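What follows is a short report on a single structure.
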Amino acid sequence: MRRAVVIGGGLSGMLAATALVPFADEVTVVERDVLPRGPQPRKGLPQAKHAHVLWSGGAKAIERLVPGVTERWIDAGAQKIPLMSGMVAHTPQGWYRRWKRPTPHYLIAASRDLLDWHIRDLVLQDSRIRLLDGAEVTALVGDAQKVTGVNVLANGAAERELEADLVIDASGRGSRALHWLSSLGILGIRERTVDSGLAYASRIYQATTRLDNFPVVNVQAEPRGSHPGQAAALIPIEHGRWLVSLSGTRGGEPTAQDEDFVPFALQLKHPLVGMLLAQATPLTDVAMSRSTGNGRRYFEQAPAWPEGLVVLGDAVATYNPVYGQGMSVAALGARLLGSELKQGGLREPGLAQRVQHAIARPTQEAWAGATALDVFYPGAPDQQPTVTDRLIHRVGSRLAKTATGSAHVATALTQVTTMEASATRLLWPDVLLAAACGPLKPPLQSPPLTPHEQALLNPAPAH
């Protein structure tokens, strides 16, 4: 029997399980929560109350792993929003235009509970995948050369061992991988934290309109300004609702008070989100989160790595949720896991270390993009911004400014943002030449709203 164990039954864990199943006779997913049998909240995912976007690079990776899931999401009310025409965005460089030229880039907008449920439901239809929920992994079994399984506590029973040719730790930001590796004698894994001090406040509203294709609306923060970075994002989700997340760094955080929510949005650099909310109906109280720091564990740099263990998703790195990268990085990591397994299967010598190196590529892309901005907020880094950080920020700012008036540069930025292209795309000669020339159109003086969208800001008086 070829066996695999996945620690964690969230999005990362389910994608890992379906990547493993062509190469295993049995895949056991061990999850601490008792998972809901529908798109409902679960205890171990408090961040589900806040805005989530799934970029098209991640969505396409998930679709390859779980065929048919995109159609399921759309049928359940998720929005497939084209970029750039489906976003109204105010950046530190000005308003982005809603270019009409078609692109293959998009985002999936929905509640996190809906996204996770449809993945989980499809993955668990495979009889080779067994869910052991309400259970906890207490230790890795093996030594510094090879992991051979895990010890599990489940349903109040005595601790037992699950044997495995490959163990995947997809247990999220609370992963105990460093502790478990230490117990095997593997020490010195490098870590880095960049915490912008961001606080998140989110609330669900009943939309003021049932307009088809309502855009994502966001007002972005300025990381290099003299004031705290404050932002807002309005995401249209299932059932005609808006999921709205407000954020602020040290000294400019939103509060948990319902009455402060709209005033905070109105006092941002542009009040557009607050103006839309002033006409909408709140459906929930405000939910707060401060678990927003960027954290990176450099497992791929370990001088020695045991056979039979791979760490995936948020257990490797977490990102400021403002950038919406976590789900896409996890999906790309699961795809790479499947690709590496095709070369030799679960028991191939060197597989685990090779997968860990492969996962590091999309992880580092996302990490560099997030921290290159967050590192400039006061009190954020564990060290001063590096020369590389400053160069990335300078080039990024120039490109963002050009993108306000250049469809070509805006498309290149979108390719990278949606994780459909590497950041090296922004260093191609065509993009650098366009950036040197600057914007081809003058800056917009007001948000690029359609007449129907504009009407929401000035509703007709009741008779």
Side-chain angles (χ1 to χ4, degrees), residues 1-31 54-70 72-73 108 115-116 118-131 147 164-172 177 299-300 305-317 325-366 418-422:
M1 289 283 287
R2 298 167 301 162
R3 293 186 176 94
V5 168
V6 177
I7 308 170
L11 181 142
S12 294
M14 289 296 164
L15 295 179
T18 201
L20 286 163
V21 80
F23 312 95
D25 301 298
E26 180 181 89
V27 178
T28 302
V29 179
V30 184
E31 167 57 46
L54 177 60
W55 299 118
S56 51
K60 291 174 182 179
I62 294 175
E63 180 64 29
R64 293 187 187 102
L65 290 164
V66 191
V69 72
T70 307
R72 287 264 304 251
W73 287 331
I108 300 291
L115 294 173
D116 280 10
H118 287 286
I119 292 172
R120 186 164 69 244
D121 187 45
L122 286 172
V123 168
L124 293 178
Q125 289 177 17
D126 193 308
S127 61
R128 294 168 292 179
I129 300 175
R130 178 172 65 112
L131 174 63
V147 170
D165 297 292
L166 186 62
V167 174
I168 307 293
D169 180 4
S171 56
F299 294 111
E300 76 280 6
W305 189 257
E307 300 284 358
L309 176 67
V310 168
V311 188
L312 179 69
D314 282 3
V316 176
Q325 298 166 308
M327 291 188 292
S328 294
V329 174
L332 293 168
R335 278 277 294 164
L336 289 166
L337 169 65
S339 297
E340 295 294 339
L341 282 164
K342 288 179 182 177
Q343 298 187 32
L346 291 179
R347 296 169 178 164
E348 182 193 13
L351 168 72
Q353 191 169 45
R354 199 172 68 241
V355 173
Q356 211 65 63
H357 279 272
I359 289 169
R361 293 194 294 272
T363 298
Q364 184 57 32
E365 288 266 345
T418 57
M419 307 194 80
E420 295 212 46
S422 164

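Not measured: the values here are computed from a predicted model.
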(request) Run the numbers on Ile359 and Phe299 for side-chain contact (heavy atoms from CB on, under 4.5 Å), then give the verdict. (result) CA-CA 10 Å; Ile359 289 169; Phe299 294 111; over 6 Å; no

(request) Give the intermediate values and the outcome of side-chain contact (heavy atoms from CB on, under 4.5 Å) for residues Leu166 and Leu20. (result) CA-CA 9 Å; Leu166 186 62; Leu20 286 163; 3.7 Å; yes

(message) Run Val29 and Val5 through side-chain contact (heavy atoms from CB on, under 4.5 Å) and show every step you take.
(response) CA-CA 6 Å; Val29 179; Val5 168; over 6 Å; no

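Considering CG of Asp116 and CG of Leu11, their distance stands at 5.0 Å, rounded to 0.5 Å. Atoms CD and NE2, from Glu340 and His357 in turn, are 11.0 Å apart once rounded to the nearest 0.5 Å. Interatomic distance, CZ of Arg64 versus OG1 of Thr70, reported as 10.5 Å (0.5 Å rounding). In this structure, OG in Ser328 is found 9.5 Å from CD in Glu420, a value given to the nearest 0.5 Å. Remark: Leu122 CG to Gln125 CD distance equals 5.5 Å, nearest 0.5 Å. Ser12 contributes atom OG, which lies 11.5 Å from atom CG of Leu337 (distance to the nearest 0.5 angstrom).
Looking only at side-chain heavy atoms (C-beta outward), Val69 and Glu63 come within less than 4.5 Å of each other. Counting only heavy atoms from C-beta outward, the side chains of Ile108 and Trp55 never approach each other to under 4.5 Å. Side-chain contact between Val310 and Asp169: absent, with no pair of heavy atoms (C-beta onward) separated by less than 4.5 Å. The shortest side-chain heavy-atom distance between Arg361 and Leu336 falls under the 4.5 Å cut-off. A 4.5 Å side-chain heavy-atom check between Glu31 and Ile7 finds every atom pair outside the cut-off. With contacts defined as side-chain heavy-atom distances shorter than 4.5 Å, the pair Val6/Thr28 does not qualify. At least one side-chain heavy atom of Arg120 sits less than 4.5 Å from a side-chain heavy atom of Met14. Two residues are said to be in side-chain contact when any heavy atoms from C-beta on lie closer than 4.5 Å; Val147 and Trp305 fail this criterion.
Note on Asp165 versus Arg3: no salt bridge recorded, every NZ/NE/NH1/NH2 to OD/OE distance being 4.0 Å or above. Taking 4.0 Å as the cut-off between side-chain N and carboxylate O, Glu307 and Arg347 do not count as a salt-bridged pair.
Formation of a donor-acceptor pair under 3.5 Å by the Arg2 side chain with backbone atoms of Phe23 is found in this model. Not a single donor-acceptor pair under 3.5 Å links the side chain of Glu300 to the backbone N or O of Gln356.
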